[in-house]
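The first residue in the sequence is number 1, and the count goes up from there.
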Amino acid sequence: MQYFYAIMWFAVGLILIFSMSKENKVFLLAGGFFLVLGGWWLGDALTPPELDLFAGTWGIVLKCITAVALVILAAAFIKEYRKKGRDAGGSGDESKK
């Protein structure tokens, strides 16, 4: 099952990089994150069971990488959302009404 997840994350990453990055460059970062995630799953599948890449220090490293990617991607999404709101004639922030 770990190999399936690795293949799935690699596929998602490649789709984001090669198909979606034409729409917005933030998908390059998102695709890169999913490639890292696919490598992490593959690494966990190939290493001995004693070295669990999802627990202990390695688990903390993965959580930190995920948190950084999430913050950057969320900030990029909010920026794009507000920009599209201004371009459409709205204020971009409907809570001020």
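- Sorted by first then second residue, the side chain to side chain donor-acceptor pair (under 3.5 Å) pairs that include residues 55-75, not counting sequence neighbours, number zero.
- Leu70 belongs to no multi-residue hydrophobic cluster, having no ILVMFWY side-chain contact under 4.5 Å with any other such residue.
- When hydrophobic clusters are built by joining Ile, Leu, Val, Met, Phe, Trp and Tyr residues whose side-chain heavy atoms come closer than 4.5 Å, directly or via intermediates, Ile78 is not grouped with Ile72.
- Ile65 and Tyr5 fall within the same hydrophobic cluster, where Ile, Leu, Val, Met, Phe, Trp and Tyr residues are linked whenever their side-chain heavy atoms come under 4.5 Å apart, directly or through other members.
- Residue pairs meeting the side chain to side chain donor-acceptor pair (under 3.5 Å) criterion with at least one member in residues 45-56: none, sequence neighbours excluded.
- Every residue two or more places apart in sequence or in another chain that forms a side chain to side chain contact (heavy atoms under 4.5 Å, CB included) with Lys83 is listed here: Glu80, Arg86, Asp87.
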Output side-chain donor-acceptor pairs under 3.5 Å for residues 18-43, partner residues at least two apart or in another chain, one line each.
from  : atom 1 : to    : atom 2 : distance (Å)
Ser21 : OG     : Ile17 : O      : 2.4
Lys22 : NZ     : Phe18 : O      : 3.4
Asn24 : OD1    : Val26 : N      : 3.2
Trp40 : NE1    : Leu53 : O      : 2.8

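- Linking ILVMFWY residues whenever their side-chain heavy atoms come closer than 4.5 Å, directly or via other members, places Leu16 and Met8 in the same cluster.
- Under the 4.5 Å side-chain heavy-atom criterion for ILVMFWY residues, a single connected hydrophobic cluster contains both Leu51 and Leu62.
- Atom CZ of Phe10 has more than 12 heavy atoms from other residues, nucleotides or ligands within 6.0 Å.
- In terms of hydrophobic clustering, with Ile, Leu, Val, Met, Phe, Trp and Tyr side chains grouped at heavy-atom distances under 4.5 Å, Met1 and Phe54 are assigned to a common cluster.
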